[in-house]
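Note that the structure is a prediction, hence the values are computed from the model and not measured.
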Amino acid sequence: MITNFKKPDLNASRHREKRLGILNEETIKEFKEKKPLYSNIDNDKLKKIIKLYNVKLWNAVINYRDGVELPDSLGYLFSTLLLCTTSRT
């Protein structure tokens with residue numbers, strides 16, 4: 001039994017800070033500074049390319065059971081399938 005359970009403060013403010021996605025202006029600017037070859041690509045087009053790549057990546061992970069090797073020796077992505085059996089009694 002938990003003896004030191006701390007109840008939530010119901011009178012506290014419900015404010016949550018706005019979270020930015022990883023594809024914000026600052027991140028894209030840093031990417032373009034690191035890779036000047038892509039500096040002439042529009043930010044919206046670059047976001048679409050990244051999102052399309054991510055969709056293709058997770059589709060490949062789902063379709064290939066042995067996993068997918070990420071570029072630049074970043075590692076592997078694997079998908080696991082857990083089947084839960086339910087007994088009917």
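Between the OG1 atom in Thr27 and the CD1 atom in Ile50 there is a gap of 9.0 Å [rounded to 0.5 Å]. Taken to the nearest 0.5 Å, the CG atom of Asn54 stands 11.0 Å off from the CG atom of Asn59.
Nearest heavy atom pair, residue Pro36 against residue Ser39, reads O-OG, 2.8 Å. Of all heavy-atom pairs between Lys32 and Asp42, the closest is NZ-C, 4.2 Å. Minimum interatomic distance between Ile41 and Leu46 (heavy atoms only, all atoms of both residues): CG2-N, 4.0 Å.
Residue Lys47 qualifies as enclosed at atom NZ: its count of foreign heavy atoms under 6.0 Å is above 12. Around atom CG of Leu74, more than 12 heavy atoms belonging to other residues, nucleotides or ligands sit under 6.0 Å away.
Other members of the hydrophobic cluster containing Trp58, listed by chain and number, are Val55, Ile62; membership follows side-chain contacts under 4.5 Å among ILVMFWY residues, whether direct or relayed. Side-chain contacts under 4.5 Å among hydrophobic residues (ILVMFWY), followed directly or transitively, place Tyr76 together with Phe78.
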Stepwise side chain to side chain contact (heavy atoms under 4.5 Å, CB included) test for Lys34 and Glu30: CA-CA 6 Å; Lys34 280 185 178 179; Glu30 289 174 8; 5.9 Å; no
For Ile49 and Leu52, what are the C-alpha separation, side-chain angles and deciding distance, and is it a side chain to side chain contact (heavy atoms under 4.5 Å, CB included)? CA-CA 5 Å; Ile49 292 170; Leu52 178 64; 5.8 Å; no
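Identified under the ring-ring contact (aromatic ring centres under 6.0 Å, His included) test for residues 19-44, with sequence neighbours left out: Phe31-Tyr38.
Linking ILVMFWY side-chain heavy atoms closer than 4.5 Å, directly or via other members, places Ile28 and Tyr53 in two distinct hydrophobic clusters.
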